[in-house]
Amino acid sequence: MSNREEKVLQISGVNPRKCMKCGKCSASCPSYDEMDIKPHQFVSYVLNGRTKALAESKSVEKCLACFACVERCPRNVEPAKIIDAARQLNVRQRYGDTLSANDIPSLIDEDTPQQLLVSAFRKYKR
Amino acid sequence: MQRIGVFVCHCGSNIAATVDVKRVALAMLSENGVVFADDYQYMCSESGQLKIAQAVKEHNLTGLVICSCSPRMHEATFRKAAEKAGINPYMVEIANIREQCSWIHKDIEQATQKAIILARAAVAKVNLNSPLIAGKSPVKKRALVIGGGIAGIQTALDIADAGFEVDIVEKTPSIGGKMSQLDKTFPTLDCSACILTPKMVDCAAHEKITIFTYSEVENVSGFVGNFTVDIKKKARYVDSAKCTGCGLCQEKCPSKKALSEFNCGLSNRSAIYTPFAQAVPNVPVIDPLQCIKLKTGKCGLCEKVCAANAIDYTQKDEIITREYGAIVVATGFDVINLDNYDEYAYSQSKDVITSLELERIMNAAGPTKGHLERMSDGKAPKNIVFVQCVGSRCADNKGKSYCSKICCMYTAKHAMLIRDKYPDVNVSVFYIDVRTPGKNFDEFYRRAVEEYGVNYIKGQVGKVTPEPDGSLTVHGVDLIDGRQVKISADMVVLAAAIEPNASVRQLATQLTASIDTNNFLTEAHPKLRPVESPTAGVFLSGVCQGPKDIPETVSQAGAAAAKVIGLLAKNELTTNPCTAHSDELLCNGCSACANVCPYGAISYQDKEVNDHGIRETRRIAMVNTALCQGCGACTVTCPSGAMDLNGFSNKQIIAEVDAICR
Amino acid sequence: MALKYSYYPGCTLKNKAKSLDITARKCASALGFELEEIENWQCCGGVYPLGSDEIATKLSSVRALDYAKSKSQKLVTLCSACHHVIKRVNDDMKNVPDTRMRANNYLKLDTPYCGETQVLHYLEVLRDEIGFDNIAKAVKNPLKGVKIGAYYGCMLLRPSKIMEFDNPENPQIMEDFIKALGAQSVIFPYRNECCGGHVALKSPESAQKLSGKVTRSAEGFGADMLITACPLCLYNLNKNSQSDIPVYYFTELLAKALGIDSEE
């Protein structure tokens, strides 16, 4: 297992070997159609050494952190933690941010709650 | 002074690959009492046993230490070998250097050191061993079968056919169990009732079988060959001897709001009821929580209409005590509670049902008279979705860790039957794996797909959402197609996991039989003794031991019967001589030992003792050696050290500990 | 003596969700408990840091939790996100030795914080400490005939083994709350499905799809209005769902039923 795979497992704290490939995560995911790599594939991407592709996928920004997959996984695998760890591989790098303060004025309206900005910065920026 | 021979087994490479067996043998030669030590590839083999016999002769041995596998495996083998060679079998000790040493260690040096220590302890014990003589006890020629489902019925019939008396204790009002609730059976699709009912009738008619329905085991004492069991016959409020089974009482009973257990709560029943038409015995019971007469004193309609005068509101629970040589547990299973799986909307929609409920709906005697109908509005469903593995194969504390084994097959059966009878109904099955090992099983499943057009989708369902129009949207995934699927269904059937009947926990305690973390009863050996409990005289039949289908249950039921017959055929059993006894000079009569004895083997006597010249009458513990099983609970409980166990005396144990700590 | 709680309002309740804060405080005093705002509280970050090695992002929660501990009070939240983050960080401090050790090493508190504080959502205070039956007694203007859908969203419920809020797939605390106000609760299956959350900022179209499902489901089952505890849920349901169904903070309805003026 390469450094990158180990890093994802270490950040996420997930044991991908527990997965029995039932797909309940993908059946539950509200963002399934937006994702190029689907929740049930997160585990095999890490196990098969394709973490780089996972980190570069659209899925890292499409996960809503709604925890439906975590709640319903019959094996306690917690796919949301894997995709978040892949996201962190990006944002922890220099130039890994995908949101900057300059973008904000064009993205908000008069009702935008502070909570949305805070959450988005946590997810998209180092 | 003992003359001890030590034999170190290689067990092929099982032991020898991790333990330096020659060094163990060599080290033993310097132990007190050891006059001979050797190693050999397979001590349990015929030539291994011959080696023992030769050594006994040549070196005039009085005791043996075998360093080998667990005593559970071969203690009996080596005791027999010793006896043949002319040594009392209780002069043999096993040092377990396989399960407790070679299998769990990797480092040869460490493992060898440990093996030497274990062998040293066994030698220290043999030095203090003395010959023990086993006694004999008679065998009661009657068996008890607990549970009257197909497992219990088959076991009882097989034992009775061999000529021994059998009692069946069944807690519900009729025998028949879960199989009586099923509509058709896989893989032949024959009607469940058609093949079960004759067996139920055979049971009732068999001169060697006595059936106690609406009864439960209250207390068990004794031991293999000599169990004494208290059976509680719950008040039926109907005299079984008088009742003709005409059914008029049930018709006239005004209290009809209770949910029918037999129909999984999908229909109502009267307060006086037989669970189903073919019930055995065909004698109703009165549900005291529902009966207006028993609750308020008014009504009494059933009594008025009963031409046989069989109604008796004054009946009380009754305890009967019977003696048995063997006990078979056949307590079966239940479907798990689905409270942890609300994502499937079982508690939110009447049209989300379990597979067992579907059996009742499909059954001609069921709540819909066999018409496939939605329970919410009685409409015929057009789209049915089956969800597999609901609560099975879970590692999340919500469900069961095991595969329930029967669901793949009964779901294929349901899907096939529905497509056969209602070809315009679409049937989809969400599955994780289709597991169909068994004769003609996979072919059966393939028929569902290929001939009946059942739509199997590899993937799980995430959620079922009830919609405002009364339909159900099934949100699943098709892992082969790589897409989320939403199916608009009007009925969803959940293959809920099965679990051992809840009564088994208490029963296991009563029988001192062990259960695993899932409450399945443990077998004496998973491969070689699958129908025996580790507790002598207690046997296992059916799902109480692990998930199984009807063919497997019937096979196991027969196997359990064969074991029981083998036991009952004996006139007497050799008893265990390793029993407890108390030292009357040390015993202070405190009752601590009697309180912990699981076999009721200890009683007290006022006895005159001579304590260093002082004569006085003291209350002293006495052990009934026929009842004592040698568990040792009394010896560790006794505060004054008066209780001791033959073969495992306090001195012997301390000598072992000393040898280990040396 | 009135029950007193350490209160963690969070950033949005001081700005766009002022009414959630104001009505909650006013209802509290009407119901006999007091929310004492934690001094110098810092933003929780809005999302729980999932990385097992993240410490810095959890410290604001630990400071708030330690403050409540120092006052021997339970910590009460209103915003679903704050509740989610603080409750999970508290669980980490109690059950994850590595996080506990490193957070304490950094904070250098007088006594280490080990998850001692009990974190309650305002709804849990109403249910477990005040009692919905007592709230029903305090209602002056019962919301008779109003059909209200409770929108839970994700963060109050999941992951249930840490949040321990309610049955994650079939909750009832907000339905019981609605009934206590004299209104009728409307159960709809999307009440625990995601509104789109933080994705709304960069992909409003995703949030539109998801929040649209929620409002359509609620309307389909006949809800006249929705209630929520979360400012971001409220924003998505109002702005992105393309539905006109009114959405209120649950405390706004509570204030109305208790006859409290919800103006500042």
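Proteins get letters first, then strands, A, B, ... in listed order; numbering begins at 1 in each.
Contact tally against chain A (heavy-atom pairs below 4.5 Å) for B:F430, B:Y344, B:Y341: the top residue is B:Y344. Ranked by heavy-atom pairs under 4.5 Å with chain A, the first of B:G399, B:G482, B:G391, B:C389 is B:G482.
Taking CD1 of B:I432 as the reference point, atom CE of A:M20 lies at 4.0 Å (rounded to 0.5 Å). Interatomic distance, SG of A:C29 versus CD of B:Q484, reported as 6.5 Å (0.5 Å rounding). Here B:Q388 contributes atom CD and A:C22 contributes atom SG; the two are 13.0 Å apart, rounded to the nearest 0.5 Å. Here the straight-line distance linking atom OG of A:S26 with atom CZ of B:R483 works out to 13.5 Å at 0.5 Å rounding.
By the 6.0 Å contact criterion, CZ on A:R92 is enclosed, its count of non-hydrogen atoms from other residues, nucleotides or ligands being greater than 12. Heavy-atom neighbours of B:K486 NZ from other residues, nucleotides or ligands within 6.0 Å: above the threshold of 12.
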* To do: Could you walk me through whether A:K21 and B:L479 pass the side chain to side chain contact (heavy atoms under 4.5 Å, CB included) test, one step at a time?
  => CA-CA 9 Å; A:K21 306 186 195 307; B:L479 295 173; 5.6 Å; no
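A salt bridge is absent between A:E71 and B:K463; no separation between the charged side-chain nitrogens and carboxylate oxygens falls under 4.0 Å.
For B:K458, the part sitting under 4.5 Å from any heavy atom of chain A is the side chain, from C-beta outward, and nothing else. If you measure heavy-atom distances from A:C69 to chain B, you find no contacts under 4.5 Å at all.
Looking at every heavy atom in both residues, B:G462 comes nearest to A:S28 through CA-OG, 3.3 Å.
Side chain of A:R72 to backbone of B:E343: no donor-acceptor contact under 3.5 angstrom is found.
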